[in-house]
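Below, chain A is the first sequence line, B the second, and so on; all start at residue 1. Since we're looking at a predicted model, the values are computed, not measured.
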Amino acid sequence: MLAFYMSLADHPQDKIKIEEIYHRYKKLIKYLALSKLQKEDLAEDAVHEVMLIVINNIQKLQSRNMEEVKAFIYLVTRSVSIDMLRKEKRREAANIEDYPFLSSLNEDPQQNLGKEMIVKCIIDLPPIYREILELTAYFGLSIKECAGVLKISQPTARKRLERARKLLRTALEKGEENDV
Amino acid sequence: MFESQERILLAEAFAEYHRALNAALPKDEDLQEIELSDRLEKKMSRLIERQKHFYYSWVNTAAKRAACILAAVLLATATVTASVQSLRESVTHFWVEIFEEGSLYRFFNFRQDPSIKDQPINVHLPGYVPRGYRLTEEHEEGFFYEGEGTKCFYFAQYPNGTEVYVANVESKEISVADQYEGVLLREGEIRKLFFNDGEYLYVINGTLSEEEIIKIAESIPFE
């Protein structure tokens with residue numbers, strides 16, 4: 001049987017990277033998922049979901065180093081875990097805020113200067129807005145791709161991005177006023 | 001979405017954020033006690049192996065898998081017809097599976113013996129060649145015709161059961177010689193026609209008008 005492909009063929013290095021990502025971060029994904037989902041079997045389902053999203057977005061990650069991929073993994077795992085909780089109708093029990101270990105990130109008093117201020121404002125953003133900014137501005141995903149990763153509709157993704165930019169701008173202006 | 005300056009600033013800020021985030025996340029040594037079940041490891045091994053195959057993008061979502069299953073079910077429930085002529089007319093068909101990035105067309109004759117597809121092809125060259133074109137190359141895969149300047153087209157004939165996967169381009173279903181179902185694709189100046197006469201899949205592909213490509217197709221001396 002002959003098969004013609006007019007679409008681009010997948011690159012072999014994509015497949016190697018996927019394998020590397022899984023073996024390197026599988027325990028981290030499960031750990032992060034378990035801390036939200038509190039159930040072993042759900043956490044393992046989340047590992048599978050996260051890797052599916054990684055595979056679907058591997059071309060965006062190909063040029064990233066493993067530390068950047070780790071940040072992507074964190075974002076996706078959080079999003080997948082919350083989505084699973086939502087489906088289990090456990091949203092009221094879900095801590096949709098950040099993981100506890102992030103609370104120490106903004107304790108440095110030097111963080112009100114220049115770029116550090118932007119970082120501080122980013123960390124202070126509600127996670128749902130930080131995530132959409134991160135996916136678009138840093139990882140270069142389109143609105144459609146973001147909607148796929150975050151399991152939301154495209155209009156919702158678009159609105160979240162607009163709101164995120166507005167919130168960040170407001171936070172930065174406030175930060176500059178405090179400096180003056 | 002972003003102005004270039006805004007994107008640069010955000011990208012730099014997120015890079016710093018990632019450094020801080022990764023420093024705060026658990027290290028490998030903190031995760032020693034995390035175990036993954038055999039069930040998950042096997043599931044993940046299968047997933048990683050599957051995505052290495054060329055057809056992974058056809059079945060990587062539930063919707064696509066449902067489309068494949070539907071195609072298989074429809075194939076399995078096809079009915080027998082009495083004569084060769086009615087056989088060709090009723091069962092010469094193509095199935096289309098629509099995926100995100102393209103479509104898979106399968107051309108086959110349900111009743112034909114699958115072993116026939118391995119037999120040598122009795123080539124049916126088209127009788128009509130548009131003015132200005134001439135046959136310049138022939139090989140196992142097909143026949144290449146060249147015209148003036150960069151104009152050219154390609155004719156090929158394949159065994160029963162051939163699959164063709166094409167990326168999302170403008171397409172429409174047409175009928176060749178009022179009896180054979182085909183698909184005509186267009187991408188800019190290039191047109192590509194696939195159709196099946198019950199024995200073979202024919203492909204005509206090139207810088208041809210719709211009228212020319214159909215005329216070439218209809219000049220094939222079908223059996």
So for [X], is it side chain, backbone, both, or neither that comes closer than 4.5 Å to the heavy atoms of chain B?
{"X": "A/Ile58", "value": "neither"}
{"X": "A/Leu28", "value": "both"}
{"X": "A/Arg64", "value": "neither"}
{"X": "A/Tyr25", "value": "neither"}

Given the rule in the side-chain contact (heavy atoms from CB on, under 4.5 Å) test, do A/Leu32 and B/Leu25 qualify, once you have shown the distances and angles that lead to the verdict?
CA-CA 9 Å; A/Leu32 292 172; B/Leu25 284 173; 4.1 Å; yes

Most contact-rich option vs chain B, by heavy-atom pairs under 4.5 angstrom, among A/His48, A/Glu162, A/Glu44, is A/Glu44

Rounded to the nearest 0.5 Å, what separates atom [atom1] in [X] from atom [atom2] in [Y]?
{"X": "A/Thr136", "Y": "B/Arg7", "atom1": "OG1", "atom2": "CZ", "value": "7.0 Å"}
{"X": "B/Glu16", "Y": "A/Lys120", "atom1": "CD", "atom2": "NZ", "value": "15.5 Å"}
{"X": "B/Leu21", "Y": "A/Ile123", "atom1": "CG", "atom2": "CD1", "value": "8.5 Å"}
{"X": "A/Lys30", "Y": "B/Leu40", "atom1": "NZ", "atom2": "CG", "value": "7.5 Å"}

Check step by step if salt bridge (charged side-chain N to carboxylate O under 4.0 Å, His left out) holds for B/Glu41 and A/Lys26.
CA-CA 10 Å; B/Glu41 292 281 25; A/Lys26 58 185 178 183; 3.0 Å; yes

Can you confirm whether the side chains of B/Tyr17 and A/Arg130 place a donor and an acceptor under 3.5 Å from each other?
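A pair is found: one side chain offers a donor N or O, the other an acceptor, under 3.5 Å apart.
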
Are B/Glu33 and A/Tyr31 linked by a side-chain donor-acceptor pair shorter than 3.5 Å?
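No, no side-chain donor-acceptor contact under 3.5 Å.
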
Within-4.5 Å side-chain heavy-atom neighbours: A/Ile55 and B/Ile48:
no

Side chains of B/Phe14 and A/Val119: closer than 4.5 Å at any heavy-atom pair?
no

Is B/Ser45 in contact with chain A via its backbone, its side chain, both, or neither, using a 4.5 Å heavy-atom distance?
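Neither part.
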
Against chain A, label B/Ala15 side chain, backbone, both or neither, depending on which of its atoms sit under 4.5 Å from a heavy atom there.
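Both backbone and side chain.
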
Nearest non-hydrogen partners of [X] and [Y], listed with the distance:
{"X": "B/Ile34", "Y": "A/Lys27", "answer": "O-CE, 3.1 Å"}
{"X": "B/Ala11", "Y": "A/Ala137", "answer": "CB-O, 4.3 Å"}
{"X": "A/Ala71", "Y": "B/Asn22", "answer": "N-OD1, 4.0 Å"}

Hits for salt bridge (Lys or Arg N to Asp or Glu O under 4.0 Å) against B/Asp30, two or more places apart or cross-chain, chain-then-number order -> none

Does B/Arg39 form a salt bridge (charged side-chain N to carboxylate O under 4.0 Å, His left out) with A/Asp45? I'd like the steps, not just the answer.
CA-CA 11 Å; B/Arg39 177 190 73 94; A/Asp45 288 344; 3.8 Å; yes

Among B/Lys27, B/Gln32, B/Glu35, B/Lys43, which residue forms the greatest number of heavy-atom pairs with chain A at distances under 4.5 Å?
B/Lys43

Just jot down the side chain to side chain contact (heavy atoms under 4.5 Å, CB included) partners of A/Ser79, sequence neighbours excluded, or say none.
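Scan of A/Ser79 (side chain to side chain contact (heavy atoms under 4.5 Å, CB included), adjacent residues dropped) gives A/Leu150.
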
Kindly say whether the aromatic ring centers of B/His18 and A/Tyr138 come within a distance under 6.0 Å.
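Distance test on ring centres: under 6.0 Å, yes.
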
